[in-house]
Student: 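Can you read through this structure? Questions will come right after.
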Amino acid sequence: MLKTLCLNLSFLIAASFGTSIQDNSTIKNLGSKLNFNIYAPSNVESATNYEIKEPSDLNQTNIPIVLINYFNDKGSYVFGVRQIKNGADIIQENTEFDVKNKTRKSEVVKKKFSFVPRGELVSINGTKAWYEGYIGKNATGGTLKWLESDTYVELDTSELSKSSLINIAKSMKKID
């Protein structure tokens, strides 16, 4: 009975926190379905699990964007990796709220994604990248963006330092 309870608890914990870092088979499988290269880090700082947020359906085709979030063993967000084929068609929903009139207006726009460099220039294994720290009272973390071949890669964190984010970026390897 106790063995069954422990086993069920371990399945519950794995389901709530995502897939173990050691099991990258889901990411490898996803990489085989894309028309652009994706990359995964070998240095994940304090992360122990990941979740593929986009695409929400891993069986779909013509996937334009990949978003993988990394969590620690308590389920807290550590960092995310967003990847898009540079020049890909993406669909964006723009919503305007008019609080005074209590109205909302939404429109769906299809556009070409294009990387626009912005922030502090840094080097990731000899490639130009741009870091932008978050702004605000007691703000931590930021975003790091660059092009790797034809793939736009963006790392974000609200927990890690700039140097930690750069170290994660330097550990990114192409998924074959």
Side-chain angles (χ1 to χ4, degrees), residues 12-19 26-27 29-31 33-41 44-47 49-72 74-122 128-162 164-166 168-169 172:
L12 180 62
I13 289 170
S16 63
F17 293 145
T19 306
T26 307
I27 295 173
N29 186 39
L30 176 62
K33 297 178 180 183
L34 302 172
N35 64 355
F36 63 100
N37 295 323
I38 64 167
Y39 301 82
V44 293
E45 292 287 320
S46 61
N49 300 283
Y50 68 88
E51 159 190 69
I52 298 175
K53 191 73 174 169
E54 284 293 329
S56 56
D57 177 5
L58 296 177
N59 294 316
Q60 75 184 66
T61 57
N62 297 327
I63 299 168
I65 184 170
V66 173
L67 174 60
I68 304 171
N69 292 325
Y70 291 82
F71 301 90
N72 64 21
K74 294 178 181 166
S76 297
Y77 180 79
V78 178
F79 68 95
V81 180
R82 179 178 168 204
Q83 300 175 71
I84 304 169
K85 181 176 183 172
N86 199 36
D89 289 329
I90 59 171
I91 296 174
Q92 179 178 350
E93 182 175 355
N94 299 324
T95 303
E96 292 179 21
F97 294 96
D98 183 341
V99 177
K100 184 177 179 181
N101 295 317
K102 297 180 182 178
T103 60
R104 180 177 84 179
K105 178 182 154 189
S106 293
E107 71 174 333
V108 175
V109 179
K110 184 177 178 179
K111 65 180 190 175
K112 291 249 183 239
F113 176 82
S114 179
F115 172 49
V116 178
R118 186 176 69 213
E120 176 189 348
L121 182 63
V122 296
K128 291 180 181 179
W130 288 265
Y131 176 79
E132 288 185 279
Y134 291 141
I135 299 172
K137 189 176 183 179
N138 302 322
T140 59
T143 60
L144 182 62
K145 308 164 200 161
W146 73 98
L147 284 177
E148 190 70 42
S149 187
D150 66 343
T151 303
Y152 166 81
V153 182
E154 177 181 299
L155 302 180
D156 78 84
T157 184
S158 59
E159 299 295 318
L160 302 175
S161 67
K162 172 184 163 186
S164 291
L165 210 55
I166 290 171
I168 291 168
M172 300 283 287

Student: Report, one line per pair, each donor and acceptor closer than 3.5 Å where one atom sits in a side chain of residues 145-155; sequence neighbours left out.
Tutor:
| unit_1 | atom_1 | unit_2 | atom_2 | d |
| --- | --- | --- | --- | --- |
| K145 | NZ | E132 | OE1 | 2.6 |
| W146 | NE1 | E148 | OE1 | 3.1 |
| T151 | OG1 | N37 | O | 2.6 |
| Y152 | OH | E154 | OE1 | 2.4 |

Student: Are N69 and Y50 close enough, and set up right, to give a side chain to side chain contact (heavy atoms under 4.5 Å, CB included), and what steps lead you there?
Tutor: CA-CA 5 Å; N69 292 325; Y50 68 88; over 6 Å; no

Student: What distance separates E107 CD from E93 CD, expressed to the nearest 0.5 Å?
Tutor: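 Going from CD on E107 over to CD on E93, the span is 9.5 Å.
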
Student: For the side-chain contact (heavy atoms from CB on, under 4.5 Å) test, which of V81, I168, T157 pairs with Y70?
Tutor: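 Filter result, single survivor: V81.
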
Student: Are any of the side-chain heavy atoms of Y131 and E120 separated by less than 4.5 Å?
Tutor: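 The answer is yes, as the side chains (C-beta and beyond) meet within the 4.5 Å cut-off.
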
Student: Between I27 and I38, is any pair of side-chain heavy atoms under 4.5 Å apart?
Tutor: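 Side chain of I27 against side chain of I38, heavy atoms only: contact under 4.5 Å found.
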
Student: Looking at residues at least two apart in the chain, or sitting in another chain, which of them share a side-chain contact (heavy atoms from CB on, under 4.5 Å) with K111?
Tutor: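 Checked K111 against side-chain contact (heavy atoms from CB on, under 4.5 Å); matches are I90, Q92.
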
Student: Rounded to the nearest 0.5 Å, how far does CZ of R82 lie from CD1 of I65?
Tutor: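 Atom-to-atom, I65:CD1 and R82:CZ are 4.5 Å apart.
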
Student: Go through it in stages, so that I can follow the logic: the residues are I166 and L144, the test is side chain to side chain contact (heavy atoms under 4.5 Å, CB included), and I'd like the CA-CA distance, side-chain angles, deciding distance and then a yes or no.
Tutor: CA-CA 8 Å; I166 290 171; L144 182 62; 4.1 Å; yes

Student: Within a strict 4.5 Å, meaning less than it, do heavy atoms of the T143 and Y134 side chains meet?
Tutor: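 Contact flag for T143/Y134 side chains = yes.
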
Student: Nearest 0.5 Å, what's the CG-CG distance between L160 and L165?
Tutor: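 Atom-to-atom, L160:CG and L165:CG are 6.5 Å apart.
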
Student: Quick one: pull up CG in N94 and OG in S106 and give me the separation to the nearest 0.5 Å.
Tutor: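 Rounded to the nearest 0.5 Å, the CG-OG separation comes out at 8.5 Å.
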
Student: If you count every heavy atom of other residues, nucleotides or ligands that lies below 6.0 Å from L121 atom CG, does the total exceed 12?
Tutor: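 For L121, atom CG is crowded (more than 12 foreign heavy atoms under 6.0 Å).
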
Student: In the structure I gave you, are the side-chain heavy atoms of T95 and K105 within less than 4.5 Å of one another anywhere?
Tutor: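 T95 vs K105: side chains apart.
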
Student: If I take atom CD1 from residue I84 and atom CZ from residue F36, how far apart are they, to the nearest 0.5 angstrom?
Tutor: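 Rounded to the nearest 0.5 Å, the CD1-CZ separation comes to 8.0 Å.
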
Student: Are any non-hydrogen side-chain atoms of F79 and S164 less than 4.5 angstrom apart?
Tutor: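 No - every pair of side-chain heavy atoms lies 4.5 Å or more apart.
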
Student: Taking the side chain as every heavy atom from C-beta outward, state whether E45 and E159 have any atom pair closer than 4.5 Å.
Tutor: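 Of all side-chain heavy-atom pairs linking E159 with E45, none is under 4.5 Å.
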
Student: When P55 is tested against each of L34, I63, L67 for side-chain contact (heavy atoms from CB on, under 4.5 Å), which residue passes?
Tutor: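 Only match with P55 under side-chain contact (heavy atoms from CB on, under 4.5 Å): I63.
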
Student: E54: what forms a salt bridge (Lys or Arg N to Asp or Glu O under 4.0 Å) with it, not counting sequence neighbours?
Tutor: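 Per chain and number, E54 pairs via salt bridge (Lys or Arg N to Asp or Glu O under 4.0 Å) with no residue.
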
